[in-house]
Amino acid sequence: MEILRRLAEAYPGSARDLCELEFADPFQLLVATILSAQCTDERVNMVTRDLFARYPSPESLAAADPEEVERIVYPTGFFRAKAANVLKVSTAVAERGGAVPLTMDELTRLPGVGRKTANVVLSVAFGEPGLPVDTHVARLSKRLGLTQSGDPVKIEAELMSWVPPEETGPLSLRLILHGRRVCKAKKPDCPSCVLADICPSATLP
DNA sequence: ATCCCGAGGG
DNA sequence: CCCTCTGGAT
């Protein structure tokens with residue numbers, strides 16, 4: 001898919017430039033993704049580093065003082081709910097011997113993990129097929145004319161039909177990142193968008 | 001003043 | 001379906 005190939009070029013390899021991508025470890029990526037809602041990617045990365053510097057393993061995080069976890073994740077917003085979810089997920093993963101599950105069913109059964117988070121972990125951490133469709137990706141897909149649907153599951157299926165399953169990992173976070181940084185809800189930055197020339201919604205000055 | 005945003009709960 | 005959680009951005 002041309003669109004996705006261009007995004008891969010626009011956000012090249014340097015993993016640390018991509019939201020959450022520096023957390024190659026499945027558990028760290030899972031936690032970073034839980035923290036990522038309604039929060040800049042820089043802040044997610046900073047907080048996730050703080051959290052794992054203090055609590056390096058699922059076991060240590062599961063045993064953490066909830067108030068200390070709340071304090072650390074505070075800058076990401078929704079801090080009480082997120083801290084509670086991080087603790088619950090840590091307990092669940094610790095009980096599994098530290099292994100993050102690798103199927104959609106098992107992942108979404110974890111507390112605080114929905115389809116978007118599961119698709120990030122599946123595609124990025126495990127190389128399994130999956131594309132996270134959050135509001136950023138939904139908006140981007142609509143503007144590009146890739147979907148008419150507003151249903152994230154339908155959008156996911158439509159996007160999947162264009163992407164080789166083994167390529168979803170490198171693209172997952174780039175789609176989100178492009179939606180956040182360029183194809184923004186309010187003031188889309190079309191002049192700096194690598195897709196502007198093939199986007200039916202692009203407005204150039 | 002209102003929106004943002006993913007997950008879960010009612 | 002609708003609501004809540006948070007503080008920061010607009």
Side-chain angles (χ1 to χ4, degrees), chain A residues 18-21 23 26-48 50-51 58 61-62 64-93 100-125 130-143 147 149-160 168 171-190 192 201 203:
Chain A
L18 292 183
C19 172
E20 302 159 306
L21 200 51
F23 302 107
F27 181 67
Q28 294 199 7
L29 180 71
L30 174 60
V31 170
T33 306
I34 287 172
L35 297 178
S36 72
Q38 196 189 358
C39 170
T40 66
D41 31 304
E42 292 85 359
R43 220 184 286 255
V44 173
N45 287 342
M46 190 192 68
V47 166
T48 307
D50 289 350
L51 193 61
L61 195 45
D65 171 18
E67 286 186 15
E68 174 71 356
V69 175
E70 285 184 6
R71 192 185 62 72
I72 295 173
V73 306
Y74 178 83
T76 68
F78 294 157
F79 69 95
R80 267 184 278 269
K82 284 180 181 177
N85 284 148
V86 164
L87 287 170
K88 286 189 220 159
V89 158
S90 302
T91 302
V93 171
V100 175
L102 83 190
T103 66
M104 173 63 73
D105 273 0
E106 288 179 293
L107 280 165
T108 52
R109 237 173 264 138
L110 296 174
V113 179
R115 193 174 181 91
K116 180 245 176 177
T117 303
N119 272 322
V120 169
V121 172
L122 283 173
S123 60
V124 178
L131 286 174
V133 179
D134 60 5
T135 55
H136 303 293
V137 177
R139 180 177 66 246
L140 179 70
S141 305
K142 244 181 173 168
R143 284 181 176 160
T147 180
S149 175
D151 174 7
V153 179
K154 276 188 190 155
I155 297 173
E156 183 187 319
E158 286 167 333
L159 291 179
M160 287 296 295
T168 57
L171 293 167
S172 289
L173 296 178
R174 289 179 171 89
L175 282 171
I176 296 172
L177 197 62
H178 193 67
R180 281 188 159 175
R181 292 192 182 166
V182 180
C183 195
K184 297 176 287 188
K186 295 232 170 112
K187 228 186 67 176
D189 190 7
C190 300
S192 61
S201 312
T203 51

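On a predicted model such as this, the values are computed, not experimentally measured, just so you know.
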Fill in: Pair A/Arg71 + A/Glu68: basic N to acidic O under 4.0 Å
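Salt bridge between A/Arg71 and A/Glu68, a charged N being under 4.0 Å from a carboxylate O: yes.
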To the nearest Å, how far apart are [X] [atom1] and [N] [atom2]?
X        : N     : atom1 : atom2 : result
A/Leu35  : B/dG6 : CG    : P     : 14 Å
A/Lys82  : B/dC5 : NZ    : P     : 12 Å
A/Ile155 : B/dG6 : CD1   : C1'   : 15 Å
A/Phe78  : B/dC4 : CZ    : C1'   : 8 Å
A/Gln38  : B/dC3 : CD    : C1'   : 9 Å
A/Lys184 : B/dC3 : NZ    : C1'   : 15 Å
A/Ile34  : B/dG6 : CD1   : C1'   : 11 Å
A/His136 : B/dG6 : NE2   : C1'   : 10 Å

What interatomic distance, in whole Å, is found between [atom1] of [M] and the corresponding atom of [N]?
N      : M     : atom1 : result
C/dG8  : B/dA7 : P     : 23 Å
C/dT10 : B/dC5 : C1'   : 16 Å
B/dA1  : C/dT6 : P     : 22 Å

Going by the rule side chain to side chain contact (heavy atoms under 4.5 Å, CB included), which residues pair with [X] if we only count those two or more places apart in sequence or in a different chain?
X        : result
A/Pro188 : A/Arg143, A/Cys190
A/Arg43  : A/Cys39, A/Thr40, A/Met46, A/Pro75
A/Ala83  : A/Val69, A/Glu70, A/Val73
A/Thr91  : A/Ala62, A/Glu95

Any chance you could measure [X], atom [atom1], to [Y], atom [atom2], to the nearest 0.5 Å?
X        : Y        : atom1 : atom2 : result
A/Leu140 : A/Lys184 : CG    : NZ    : 14.0 Å
A/Leu159 : A/Leu171 : CG    : CG    : 10.0 Å
A/Leu131 : A/Ser141 : CG    : OG    : 9.0 Å

Practice prompt. Using chain A heavy atoms and a threshold of under 4.0 Å, write down where along DNA chain C the contacts begin and end, 5' to 3'.
Written response: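 Using the under 4.0 Å cut-off, the span is C/dC5 to C/dG7.
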Worksheet item: Which part of the nucleic acid, if any, lies within contact of A/Phe79, taking any heavy atom under 4.0 Å across all strands shown: a base, the sugar-phosphate backbone alone, or nothing?
Response: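 Result for A/Phe79 = sugar-phosphate.
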Worksheet item: Are the side chain of A/Lys154 and the backbone N or O of A/Thr147 linked by a donor-acceptor pair below 3.5 Å?
Response: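 Here the side-chain-to-backbone pair does not exist.
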Discussion item. Please tell me if A/Thr135 has a side-chain N or O lying less than 4.0 Å from either OP1 or OP2 of B/dG6.
Written reply: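 Affirmative; the distance criterion is met.
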Item to complete: Report yes if a side-chain nitrogen or oxygen of A/Thr117 is closer than 4.0 Å to either non-bridging phosphate oxygen (OP1 or OP2) of B/dG6; otherwise report no.
Response: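 No, no such contact exists.
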At a cut-off of 3.5 Å, list every protein nitrogen or oxygen paired with a nitrogen or oxygen from nucleotides 8-10 of chain B, distance to 0.1 Å.
unit_1: B/dG8; atom_1: OP1; unit_2: A/Gly112; atom_2: N; d: 2.5
unit_1: B/dG8; atom_1: OP1; unit_2: A/Val113; atom_2: N; d: 3.3

Discussion item. Looking at every non-hydrogen atom in both residues, tell me the closest pair between A/Ile176 and A/Lys116 and how far apart they are.
Written reply: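 Minimum heavy-atom contact is CD1-CE, 3.9 Å.
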Discussion item. Let me spell it out: for each of A/Arg80 and A/Arg43, pick the nucleotide of DNA chain C with the closest heavy atom. Which residue's pick is nearer the 5' end?
Written reply: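 Looking at the nearest nucleotide for each, A/Arg80 comes out on the 5' side.
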